[in-house]
There are 2 protein chains.
Amino acid sequence: MGAVRPVSPGIGKFTPQPSGLHDTSFPDMTTQMMIELIAVLTAVRDDVPQVMTIDHGRLLPSGPLESTHRSLQAGVRAWVERQTGHPIGHVEQLYTFADHDRLLATGQGRLIAISYLALTRSHAGETGWRDWYDYFPWENTKTDAGRDCLAIIERLLCRWVADMDNAAARVRQWQRCVTLFAIGDMVAWNDELVLQRYELLYEAGLVAEAGCPPEDAVPGQAMHHDHRRILATGMARLRAKIRYRPVVFELMPEEFTLLQLQRVMESLSGVQIHKQNFRRLIMQQQLVEETGGIEENTGGRPARLYRFCGEVRQARQFVGTKIPLFQP
Amino acid sequence: MGAVRPVSPGIGKFTPQPSGLHDTSFPDMTTQMMIELIAVLTAVRDDVPQVMTIDHGRLLPSGPLESTHRSLQAGVRAWVERQTGHPIGHVEQLYTFADHDRLLATGQGRLIAISYLALTRSHAGETGWRDWYDYFPWENTKTDAGRDCLAIIERLLCRWVADMDNAAARVRQWQRCVTLFAIGDMVAWNDELVLQRYELLYEAGLVAEAGCPPEDAVPGQAMHHDHRRILATGMARLRAKIRYRPVVFELMPEEFTLLQLQRVMESLSGVQIHKQNFRRLIMQQQLVEETGGIEENTGGRPARLYRFCGEVRQARQFVGTKIPLFQP
DNA sequence: CTCTTTATGCTCATATTGAGTATAAGCCAA
DNA sequence: TTGGCTTATACTCAATATGAGCATAAAGAG
């Protein structure tokens with residue numbers, strides 16, 4: 001296959017000279033190389049987190065880096081906004097992949113995939129949106145369906161480790177299963193380990209992407225290539241981020257009740273939150289202010305409407321949001 | 001200049017077909033493209049955080065992606081270990097840059113830079129190591145030199161905003177200065193905002209990389225290209241990470257006293273820590289265990305030696321380390 | 001009018017954290 | 001040898017944060 005560079009620059013051990021990379025003259029050291037931009041575009045609809053897909057839910061929206069894009073971030077932003085018609089509040093880079101199993105079809109050169117997490121607000125009547133938990137049902141620990149799925153996984157993982165020849169590996173891998181899936185209540189469930197859990201299932205051959213026949217696989221829809229893995233990366237990032245940065249508001253409508261906000265946080269993290277404590281924490285951080293409006297259709301007493309504080313956003317841009325996420 | 005791809009694949013709005021990217025046949029849609037790997041390799045020596053450099057401290061170690069590398073991570077790891085001779089405990093991706101101002105010298109194609117943070121232990125007698133704070137003296141808020149530097153920056157930033165024509169911009173930018181540099185004690189200093197502070201100084205034209213003459217620049221050594229910016233990214237990542245993951249131990253020797261551990265944390269974050277509370281927190285998390293050894297040369301009462309808990313490392317891999325970092 | 005539902009205000013025990021006091025155990029110089 | 005200096009280590013205490021629950025308010029349904 002085509003070498004990325006004919007000769008390694010051979011940076012000697014601690015040599016003070018700059019590597020050839022930084023010479024002003026630069027001959028034809030380039031190679032066939034494809035840069036793909038992949039977006040995990042997330043929105044929340046009816047308290048359900050969703051992801052934008054193409055190809056009947058089998059692929060994340062993705063396309064090549066174009067020469068008109070001023071930067072990677074600008075490329076993803078422009079391109080995603082063109083697709084959704086909505087301004088994107090938040091775009092951040094997730095990860096860059098370049099493994100050998102992602103070769104160009106010619107067999108020449110490499111495919112580099114740069115993935116991004118993007119958040120948007122509403123998307124009424126648009127197609128292509130799928131629920132997060134269609135792909136990762138076991139991550140929805142808030143629901144019975146999620147708990148059922150976890151029970152299945154527990155059984156399958158148990159069989160996987162039992163079939164191992166090496167006793168030491170058996171102990172080590174079972175330890176890993178227990179930690180990641182909170183088996184037996186020895187460890188608490190950690191909602192941020194979406195990627196690690198998916199990778200364990202992949203290694204155990206329990207997902208279709210690992211070449212496992214559908215009837216042996218864990219519940220959850222598969223995707224082409226490693227797109228489900230990239231979705232897992234995005235979910236993990238968002239779950240981590242909502243704990244210490246006010247990014248949830250990028251997903252909320254202009255006005256919302258505190259219970260709506262709580263439901264969004266719960267569905268994103270898949271974890272229950274104590275209502276009164278949640279209110280206390282949100283209020284004391286002064287991230288929201290009353291709009292004066294009232295939401296009537298609550299099914300009970302009407303609720304006050306709030307909006308995200310714009311002024312505070314400026315100053316508190318880097319101040320953490322503390323969200324009380326605990327286990328039921 | 002050379003187009004990344006002759007024709008955009010034109011993914012229609014929510015079209016169910018996969019983008020052309022994923023077709024099995026893939027003609028010559030590649031282009032001249034250069035992938036550069038850049039490492040922010042950090043170690044701590046005599047309680048001073050250091051970074052590995054080449055070209056007399058003007059460049060971070062960097063080299064092209066080679067076809068022999070199985071993956072990006074493997075490439076960085078193999079290549080860095082070849083240079084330092086030490087095994088790298090921790091390698092993580094930082095960020096991928098691909099801006100138009102980083103073109104190949106031919107003017108054809110784009111330069112993609114993928115940066116990594118790497119940690120290593122000791123490096124006795126090796127050249128190329130430079131102190132973090134040679135490049136970012138204002139980040140060393142623990143020392144008088146750092147505070148002096150901050151005072152200079154405060155004056156320069158004040159002049160920068162005062163010279164602005166637009167009153168609204170003046171207010172907004174001054175608000176930004178106050179937030180990022182904790183001017184006037186309105187906001188607490190946030191040690192994780194290394195990158196944001198550097199970017200503000202860059203925008204204000206106060207660093208040499210922004211084309212500012214050396215005599216007008218803020219103290220601190222400049223680097224070629226955007227390498228100082230990448231270093232800032234790495235410092236910020238490490239400062240954030242040591243708060244909730246036990247990565248410090250990758251930088252510590254096999255055995256250490258609790259004060260040594262504290263000093264490393266302090267010098268990494270540039271922030272003072274209350275000694276007794278630090279001990280309490282480290283001990284109660286059971287991340288370390290006594291080796292039985294004693295360190296005599298403390299200048300006072302001898303101190304017990306500890307090591308990082310290996311067994312716990314496995315189970316607690318994802319459990320956070322809580323480090324009490326506060327302001328003096 | 002009562003029951004159900006959600007909203008919102010308030011209490012209380014416990015855990016965590018910031019800060020300080022007290023004592024121990026080494027070295028060194030007078 | 002002793003007093004003074006240094007660092008190590010053990011506790012204490014107050015302020016705050018957090019987890020959990022009780023109580024009341026205000027709507028609609030029957």
Side-chain angles (χ1 to χ4, degrees), chain A residues 46-47 185 188-189 191 243-244 255-267 269 271-307 319-328, chain B residues 46-47 142 185 188-191 243-244 255-267 269 271-307 319-328:
Chain A
D46 299 330
D47 298 336
D185 293 332
W189 175 266
D191 62 279
R243 284 173 189 265
Y244 62 95
E255 299 193 341
F256 49 85
T257 70
L258 291 185
L259 185 59
Q260 282 165 1
L261 181 61
Q262 179 181 344
R263 292 229 189 288
V264 170
M265 302 265 331
E266 285 180 333
S267 62
S269 65
V271 156
Q272 299 271 16
I273 307 179
H274 184 282
K275 194 178 186 177
Q276 296 94 319
N277 291 348
F278 178 78
R279 295 172 60 85
R280 175 173 62 187
L281 214 49
I282 295 297
M283 298 305 287
Q284 82 187 12
Q285 286 178 101
Q286 300 192 290
L287 289 168
V288 298
E289 61 187 4
E290 286 189 46
T291 67
I294 293 283
E295 170 66 50
E296 299 282 356
N297 297 328
T298 60
R301 171 174 168 176
R304 293 179 201 164
L305 287 170
Y306 294 84
R307 75 166 68 88
V319 181
T321 330
K322 285 183 300 178
I323 303 299
L325 291 167
F326 58 91
Q327 316 314 320
Chain B
D46 300 329
D47 297 336
K142 216 181 55 169
D185 293 333
W189 175 265
N190 186 337
D191 61 277
R243 284 173 189 264
Y244 63 96
E255 300 194 341
F256 48 85
T257 70
L258 292 184
L259 185 59
Q260 283 165 0
L261 181 61
Q262 179 182 344
R263 292 229 188 288
V264 170
M265 302 264 333
E266 285 179 334
S267 61
S269 64
V271 155
Q272 300 269 17
I273 307 179
H274 184 281
K275 194 180 189 176
Q276 296 94 319
N277 291 347
F278 177 79
R279 297 172 59 85
R280 176 173 61 186
L281 215 49
I282 295 296
M283 298 306 286
Q284 81 187 13
Q285 286 179 102
Q286 299 191 290
L287 288 167
V288 298
E289 62 187 5
E290 286 190 46
T291 68
I294 293 283
E295 169 66 51
E296 298 283 357
N297 297 329
T298 61
R301 172 175 168 177
R304 294 179 200 163
L305 287 170
Y306 294 84
R307 77 166 68 88
V319 180
T321 330
K322 286 183 301 178
I323 303 299
L325 291 168
F326 58 91
Q327 317 314 322

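This is a predicted model, so every value here is computed, not measured. A note on names: the letters A, B, ... follow the listed sequences, proteins ahead of strands, and every chain is numbered from 1.
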Using a cut-off of 4.0 Å on non-hydrogen atoms, how would the nucleic acid contact of A/Q276 be classed: base, sugar-phosphate, or nothing? base
Among C/dT17, C/dA25, D/dT7, which nucleotide has an atom closest to any side-chain atom of B/T298? D/dT7
OP1 or OP2 of D/dT9 less than 4.0 angstrom from a side-chain nitrogen or oxygen of B/R279, does that happen here? yes
Rounded to the nearest 0.5 Å, what separation is found between the CG atom of B/L305 and the CD atom of B/E295? 6.0 Å
Rounded to whole Å, how long is the line connecting atom CD of B/Q284 with atom C1' of D/dA10? 15 Å
To the nearest Å, give me how far apart CG (B/N277) and C1' (D/dT9) are. 13 Å
Rounded to whole Å, CZ of A/R263 lies from C1' of C/dA7 at a distance of 12 Å
OP1 or OP2 of C/dT8 under 4.0 Å from side-chain N/O of A/R304: yes
The answer to which of B/L305 and B/G299 contacts DNA chain D further toward the 5' end, by nearest nucleotide, is B/G299
Nearest whole angstrom, please: distance from the C1' of D/dT18 to the CE of A/M283. 18 Å
Starting at CD of A/Q260 and ending at P of C/dT8, how long is that distance when rounded to a whole Å? 11 Å
Can you tell if the side chain of A/L259 reaches within under 4.5 Å of the side chain of A/T298, non-hydrogen atoms only? no
What is the distance, to the nearest angstrom, from the CZ atom on B/F278 to the C1' atom on C/dG20? 19 Å
Under 4.0 angstrom between A/K275 side-chain N/O and C/dT8 OP1 or OP2: no
What nucleic acid atoms does A/L258 come within less than 4.0 Å of, heavy atoms only: base, sugar-phosphate, or nothing? nothing
Might you point out which heavy atoms bring A/D191 and A/S269 nearest each other, and give the distance in Å? CB-O, 3.4 Å
Is there a donor and acceptor pair, one atom on the side chain of A/R280 and one on the base of C/dG9, closer than 3.5 Å? no
Taking for each residue the nucleotide of DNA chain C bearing the nearest heavy atom, is the 5' side occupied by B/R301 or by A/A303? A/A303
Hey, what do you get for CD (A/Q262) to CG (A/L281), rounding to the nearest 0.5 Å? 11.5 Å
Nearest to the side chain of A/H274, heavy atoms from C-beta on, is which of C/dT17, D/dA8, D/dA20? D/dA20
Spacing of A/L281 atom CG relative to C/dG9 atom P, expressed in whole Å: 16 Å
Rounded off to whole Å, could you give me the CD-to-P distance for the B/E295 and D/dT9 pair? 11 Å
How long is the straight-line distance from OG1 of A/T291 back to CZ of A/R307, given to the nearest 0.5 Å? 5.5 Å
